[in-house]
Amino acid sequence: MDNAKLNINKTKYRYFMDNVKPEGTAIIYTIPVPKGEEKPTDEFFDRDYPDVKVSYKKFIKMIDKTAKGLLAYGVKKGDIVTVCHTNTPEIFYMDYALSKIGAIPNYIYPNITADEMKYFIEELDSKYVFVLDEPDIKRNMKKALEETDIRVISSSVIESFPPLFKMIAAKKKPQEAVEIPNEIKWADFIKNGNSIKDVKENPYTPNDTCSFVHSSGTSSVPKAIEISNENINSIPRAFDTVQKENHIAVQTIPEFVAYGTTTNHSMFCNRLTIVFIPEMEPKNFYDLVHKYKPSYSFATPSHAREMVKRDTDMSNSIDIGFGGDGFDDIEKSLNDYMFRNGSKYPAFQGYGSTEISAVGITNLTLPNWHKEGSLGRAFGENEIILIDSETSEVITKPNTVGEVCITGPGVTKGYAGNSKEETEKVFVKHPDGKTYVHMGDLLSFDEDGFYYYHGRIKNIIKRKSFAFSPQEIIDAILKHENVKSCMVIPRYSKEEGETPSAHIVLNDYSNTDKTLDEIKALVDENVQEFHRPTHYKIRAAIPLTKNNKNNITALKIEDTATMFDGVISADIEAHNTSEYEFLLKIKINSDKSDDEIIEALEKHINKIANIIKFNVGKIKYEIEKV
């Protein structure tokens, strides 16, 4: 007899159907509604969270209706449907319906530019788009689809709410209607499906592509990654002993990233009740935890920082996990918060990437599986080795730093499109015959098999003829109680090649000179002279990527700009608008015109970017002459 949880050799839809039951609540979908007039400077949102509930019985029924709507709209097996949407019930109906008929979702970020939308649609020759019915997103999508015959399905963030709620919402906050040629609204799309009597389920074929999800790197153009059915089904199988049915989970991670799509599938297949919200704004997280008291949650360290500002009951907590940059900065204070508020378990972090279906190492709260300060142990059936970056020899000695390589059922098919060379660099067949993903990170392991992070290989600082990780510098800086977070990156030096540059965010800015002196003293005490930063900058925040990761490229651009003749200061913001990715503000002592300064500055930045290898992107300049 087939063991539904253990056998991952099925389509995503079939794996879901073999593991769920029609009883219980699948989704609690909530949206933030302001109680009064919100101000961007408010420390906390003043919001209500009205919700609608979707039972597993209705969920299964809506998947079938969506599949019929797709067939009626002309979508066939093998067609690629670009999904530019956020976490609403409709995106999950769409996801499983596409799997049921054998079509493939191509997930893209809703907040990208029109040019990026156009690129990602054309990259995979997508003929259909499922888009969030929000004016700004649809304006970009309309521009992206100019002079095409691509067909569009749209649904709004309140699609699942009752008609009365929609009517009141429309009166309270009227929105501009943006219409796209060849567009069908969700209600009509579902209604059209009534013409289809039965849906023939797509049969399983080994190693078929289940979805395309884009990487979310810190310094390169996101690449489309092919995820197979087996890849995505391996995650709920691995979480089987951790997640218990009928418990509530709060999910903040969107479906359009691998961390979201795999953990969502896992929670559905393990029959949890999942609270979804259509935005990633961290300030919502406290209210969601306070209202729904989840046993499980997936979020980012930014969400954790907002949660700990106010106490709430955490006694239901079992596994509250945080993935992304910055967990080490807050782990101790976060766990103090958890235990103070009644939790029996600490928070945990995970490590992975889209290339391995998001999860490779976890610090779960299972017996013998959690150790504070570590990333955790190998997750599920993953096999992990560390190799010497220079010789490629496998490292067997504990507490030795090496490049981490991961193999297992989550290893994806590689990069789509014209990315064969890039795929071969990252997905490498080793002498044991297995394909390992070379993660580009430096890790070590201890005697108990727990792994520790030591930074990105691309962030390694090559000073003169020596290379070293900036992690020891970061660890020293974080010893100061007034430091909230920091990044140390390589900074170009004509004399030395690269030197360390420290970017530091504080909790309290009332005496920055004193704090900086104390930070430097800590670095001098804990870091050998050759490894110490040559530059320090106290800043309000670390710029973030669209996926809430530290934006290393932004910091490199800013550092490079400060080296330009006459520049007194440079400050960068990551905006990711349709016109530019970065806003670079320059104070400069110069008699030249703004256009002359910008032209020369661009040449300077591009020259250094070519030397130390980073992608510049589109920059908007603000010049202040002093």
Side-chain angles (χ1 to χ4, degrees), residues 3-8 10-30 51-67 83 85-101 105 107 160 201-202 204 210-211 213 227-278 288 292 294-299 318-319 321 357-359 380 409-410:
N3 185 318
K5 194 59 62 69
L6 295 181
N7 182 10
I8 63 173
K10 305 172 183 179
T11 65
K12 181 179 182 180
Y13 168 78
R14 178 43 48 194
Y15 191 87
F16 167 82
M17 290 298 293
D18 285 350
N19 282 289
V20 298
K21 298 175 182 177
E23 299 85 19
T25 301
I27 295 172
I28 299 175
Y29 175 59
T30 180
D51 60 40
V52 292
K53 296 178 174 62
V54 178
S55 68
Y56 271 104
K57 183 177 181 179
K58 181 179 179 181
F59 191 10
I60 294 166
K61 183 179 179 180
M62 286 304 301
I63 292 169
D64 190 59
K65 286 191 170 194
T66 305
V83 178
H85 215 279
T86 191
N87 282 359
T88 69
E90 289 70 32
I91 197 173
F92 302 110
Y93 306 153
M94 179 64 70
D95 180 74
Y96 286 108
L98 288 168
S99 177
K100 183 173 185 177
I101 70 171
Y107 286 105
S160 293
E201 183 181 335
N202 176 53
Y204 167 75
C210 173
S211 58
V213 179
I227 299 181
S228 73
N229 290 292
E230 298 91 339
N231 295 153
I232 203 163
N233 291 338
S234 70
I235 304 301
R237 178 169 73 179
F239 270 119
D240 180 37
T241 59
V242 180
Q243 297 173 343
K244 305 302 180 184
E245 63 182 278
N246 300 321
H247 283 250
I248 290 177
V250 165
Q251 173 66 301
T252 69
I253 310 300
E255 179 77 356
F256 52 77
V257 297
Y259 182 21
T261 192
T262 54
T263 54
N264 290 335
H265 183 49
S266 176
M267 290 188 287
F268 282 133
C269 292
N270 286 312
R271 306 175 196 135
L272 301 184
T273 296
I274 315 173
V275 179
F276 287 110
I277 187 168
L288 296 174
Y292 296 102
S295 300
Y296 307 99
S297 182
F298 293 100
I318 298 175
D319 272 302
S357 305
V359 189

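- For the residue pair M94 and T66, the shortest heavy atom distance occurs at CA-CG2, 3.9 Å.
- If you take CG on L288 and OG1 on T252, they are separated by 8.5 Å, rounding to the nearest 0.5 Å.
- Rounding to the nearest 0.5 angstrom, the gap separating the CD1 atom in I232 from the CZ atom in R237 is 14.0 Å.
- Under the side chain to side chain contact (heavy atoms under 4.5 Å, CB included) criterion, D51 pairs with I28, T30, K53, K291, Y292, not counting sequence neighbours.
- Across all non-hydrogen atoms, the minimal contact from I227 to S357 is CG2-OG, 4.3 Å.
- Atom NZ in K100 sits 4.0 Å away from atom CG in D64 (nearest 0.5 Å).
- Heavy atoms only, all atoms of each residue included: A97 and A67 are closest at CB-N, 3.5 Å.
- For the pair I91 and E255, the tightest heavy-atom approach, listed with the atom from each and the gap, is CD1-CB, 3.8 Å.
- With sequence neighbours left out, the side chain to side chain contact (heavy atoms under 4.5 Å, CB included) criterion links C269 to Y15, F16, N19, P236, H265.
- In this structure a side-chain-to-backbone donor-acceptor pair under 3.5 Å is missing from S211 to P105.
- Legend: salt bridge (charged side-chain N to carboxylate O under 4.0 Å, His left out) pairs involving residues 258-272, not counting sequence neighbours, sorted by first then second residue: E245-R271.
- For K5, the salt bridge (Lys or Arg N to Asp or Glu O under 4.0 Å) partners are D240, not counting sequence neighbours.
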**Request:** Step by step, work out the side-chain contact (heavy atoms from CB on, under 4.5 Å) result for R14 and E201.
**Result:** CA-CA 9 Å; R14 178 43 48 194; E201 183 181 335; 2.7 Å; yes
**Request:** Show your reasoning for whether side-chain contact (heavy atoms from CB on, under 4.5 Å) applies to H247 and Q243.
**Result:** CA-CA 8 Å; H247 283 250; Q243 297 173 343; over 6 Å; no
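- In this structure, S266 OG and N233 CG are separated by 10.5 Å, a value rounded to the nearest 0.5 Å.
- Taking the six-membered ring where the residue is Trp, F276 and F268 present tilted rings, their angle falling between 30° and 60°.
- Results of the side chain to side chain contact (heavy atoms under 4.5 Å, CB included) test with Y29 over V275, I274, T88 single out T88 as the only residue that passes.
- No hydrogens or angles considered: a donor-acceptor pair under 3.5 Å links the side chains of D95 and Y107.
- Of the possible polar contacts, none joining the D319 side chain to the S295 backbone as a donor-acceptor pair under 3.5 Å is found.
- Residues forming a side chain to side chain contact (heavy atoms under 4.5 Å, CB included) with T263 (at least two apart in sequence, or on another chain): Q251, Y259, F298.
- Using the six-membered ring where Trp is involved, F59 and Y93 have ring planes that are tilted, between 30° and 60° apart.
- Going from atom NZ of K12 over to atom OG1 of T262 covers 8.5 Å, rounded to the nearest 0.5 Å.
- Not counting sequence neighbours, the partners of A249 by the side chain to side chain contact (heavy atoms under 4.5 Å, CB included) test are M267, L272, Y296.
- No donor-acceptor pair closer than 3.5 Å links the side chain of N246 to the backbone N or O of T273.
- For the atom pair I277 CD1 and T86 OG1, the distance stands at 9.5 Å (nearest 0.5 Å).
- Within the 4.5 Å cutoff, no side-chain heavy atoms of F256 are placed close to those of N87.
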**Request:** Start with the C-alpha gap between Y13 and I63, add the side-chain angles, then the distance that decides, and say whether side-chain contact (heavy atoms from CB on, under 4.5 Å) holds.
**Result:** CA-CA 9 Å; Y13 168 78; I63 292 169; 3.9 Å; yes
